[in-house]
There are 2 protein chains.
Amino acid sequence: MTTTSSGRRPPSMSDVARHAGVALGTVSNVLNAPEKVSERTRRRVHQAVEDLGFVRNQVARTLAAGSADLFGFVIVDIGNSFFVDIARGAEQSAVENQYKLLLANSDVDLVRQNLYLDLFNESRVNGILLAPLDAPLDAVARVRDRGCPVVLVNWPGEPGESCGVTVDEEYGGYLATQHLLQQGRRRILFAGGPLSLTAVRERYEGTKRAIAESNVDAHLELIETTRLTVPAGLDVGRELVSRPVGERPDGIFAAADALAAGCAQALIYAGVSVAKEVAIIGYDDNHFTADHVVPISTVGQPGHEMGKIALEMLIDEVKNPDHLHRTVVLQPNLLARASTMSEFR
Amino acid sequence: MTTTSSGRRPPSMSDVARHAGVALGTVSNVLNAPEKVSERTRRRVHQAVEDLGFVRNQVARTLAAGSADLFGFVIVDIGNSFFVDIARGAEQSAVENQYKLLLANSDVDLVRQNLYLDLFNESRVNGILLAPLDAPLDAVARVRDRGCPVVLVNWPGEPGESCGVTVDEEYGGYLATQHLLQQGRRRILFAGGPLSLTAVRERYEGTKRAIAESNVDAHLELIETTRLTVPAGLDVGRELVSRPVGERPDGIFAAADALAAGCAQALIYAGVSVAKEVAIIGYDDNHFTADHVVPISTVGQPGHEMGKIALEMLIDEVKNPDHLHRTVVLQPNLLARASTMSEFR
DNA sequence: CTGTTAGCGCTTTCAT
DNA sequence: ATGAAAGCGCTAACAG
């Protein structure tokens, strides 16, 4: 391995040029527009790249060219399979369009969300995908004003400002509740919270509408939880178990799968027959719901598709001068499984 | 909002300097070494930054300074909570040390793994954390030779070349099997595969050692699966159910939690009492195992700690000229839960 | 098709 | 404490 460069400094393009006996610009052409260079020169340059172990400096490249084929995705919760699905979908359209996608985990922390937003912005990515936490989006406006397009996933776009991809949460709540009613359930419990979370509130709205629109005489109870976790679900379940049998709901809609799972567990442990005595349906189609001994019904959100569409919108915003901002609202779908299907078992 | 810059070009530091009536270098100092600048000048510059909506260009900054306070983490499977734990641990030490961490999901695909390795490398991150797939590490050597330190997580470091953090897989297998034996199980089944996977093979070795070292007369059966998934586990469970009761194992060690979960489900559905008739233990401490109706025993790996240590090693490699490469081997720990605790229920 | 050159926006001496 | 100027490694426009 011959080297023209000095010391431990990584070889640069001019080292390659010198080694190959051509001009700097020619090396650049070989790398970026090979068709402009003769076969023979190209080979010489490639040889030099090999000899020197040259790797081009993406930073300098980005600075000179003004941008890189790169997007950033700031994810609110990398531990939630719904967002992981979104990330996979986004990455798929990135790859299909010759872009790369980098991830940053905000971990439901506004400070970190804004930190990474700024990092991507300062790093001159072509655009940012953001699955935001349920909080004000000031930092987004700042980034966007700075010329960096932002597309929101799982959050509506801001009219005239940015695109967004959402699922119709209200309808999801409607679907879940309607399903419980159709299974003959009449004492419905909505468990979830805090209600300050937009998604929870909207799902609850859907529940109320489903009951209002139905012709049956159903009773709706609300238990507001402080979190959407398995332990919170266990608490709900235990509370129900402590009640006289007649005062328990016969149909539970938990606003999140983790909540539903915890709830189901507590009931099963107490000997209550999930599905038969109490139907339970969750929300999110997290990967673990289907793996339960009593597979838990849920409302699925098209995460993969959301990510795919969101990144396509981002690409359009970057490439198409006539781009128009819009919010795509996708429909959730009911996934009826054993936990609500007593009749069929 | 006043602006000195032309058109839609984002304001640069020289715009800020002009606006504030100071020199370019002074603006740089305000941002990077505020103590070198007088209170008054500092204020003027900050005001100009505000007025212009200036965001500094990290790309130019990195090019000029030679590096950024940034690491990259290439994750083999973002859907696996074990790796997510690692990512969280890594991010923690990154944040504690004023670094930022970007993620890239290789999704168990060697091509993508190498793509992102190169991307981080070309982007001049300070170093790369890699949770590799079980495949040759040629690309790692290339990146490292290029001057970019790489630390391996969940994979041993290459002696003299790179650091690594691993868990003792063999010992994990030993622990799991020893636990089954201690619970009085004598017809042990090891389910997992393919055996071409290093981790599976090592866990199996541990199983064999536990049996060999015990003084009891235990029988070991091996069912090699093609994958480590819930469906694969269901297949295993169904196969067992189809056997005469006397020919079934009374203790199952599944090399992964998903496998264990599927297996448990199939058995429960068939009316076999998990824990009582058959004890089952998995591996990985994936988040869903504890949420099972019969919480599944498992072997936990200190993912968070692994990530934390790995990134600390990376920081040391970057900062400390006397850095020595080493591989830290952490111990897995047994998490005994209901699925193996028939006596205590 | 090849070589030359002017930046990209910032950091960093080095004078002042 | 502040200002001037020399790059960082590359792209892109242009001249040959």
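Lettering of chains follows the sequences in order, A, B, ..., and the numbering in each one begins at 1.
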A/Thr26 side chain near C/dT2 phosphate (N/O to OP1/OP2, under 4.0 Å):
no

Taking only Lys NZ, Arg NE, NH1 and NH2, and the carboxylate oxygens of Asp or Glu, determine whether B/Arg88 and A/Asp77 approach each other closer than 4.0 Å.
yes

Using only side-chain N and O atoms of A/Asn32, determine if any of them is under 4.0 Å from OP1 or OP2 of D/dT11.
yes

Check each residue of residues 33-43 of chain A for a non-hydrogen atom within less than 4.0 Å of any atom in DNA chain D, then write out the ones that pass by number, or none.
none

For B/Glu161, salt bridge (charged side-chain N to carboxylate O under 4.0 Å, His left out) partners two or more places apart
B/Arg144

Is A/Asp15 paired with A/Arg18 through a side-chain N to carboxylate O contact shorter than 4.0 Å?
yes

Using OP1 and OP2 only, check whether a side-chain N or O of B/Ser28 sits under 4.0 Å from C/dT11.
yes

Give every donor-acceptor pair under 3.5 Å between a side-chain atom in residues 67-74 of chain A and any protein atom, sequence neighbours left out.
none

Can you tell me how the ring of B/Phe120 sits relative to the ring of B/Tyr116, calling it parallel under 30°, perpendicular over 60° and tilted otherwise?
tilted

Sequence-distant partners of B/Glu317, side chain to side chain donor-acceptor pair (under 3.5 Å), two or more places apart
none

Hey, what are the protein-to-nucleotides 6-9 of chain C N/O distances that come in under 3.5 Å?
residue	atom	partner	partner atom	Å
C/dC8	O2	A/Ala64	N	3.3
C/dG9	N2	B/Ala60	O	3.4

Using whole Å, what does the distance between atom P of nucleotide D/dG9 and atom CZ of A/Arg18 come to?
12 Å

B/Arg61 and A/Glu122 ion-paired at < 4.0 Å
no

Which whole-number value in Å describes the distance from B/Asn29 CG to D/dG3 P?
10 Å

Does A/Glu39 have any side chain to side chain donor-acceptor pair (under 3.5 Å) partners at least two apart in sequence or in another chain, and if so, which?
A/Arg43

Map A/Gly25 and B/Gln58 onto DNA chain C by nearest heavy atom, then report which one ends up closer to the 5' terminus.
A/Gly25

Check every strand shown and say whether A/Gly66 touches a base, only sugar-phosphate, or nothing at a heavy-atom separation below 4.0 Å.
nothing

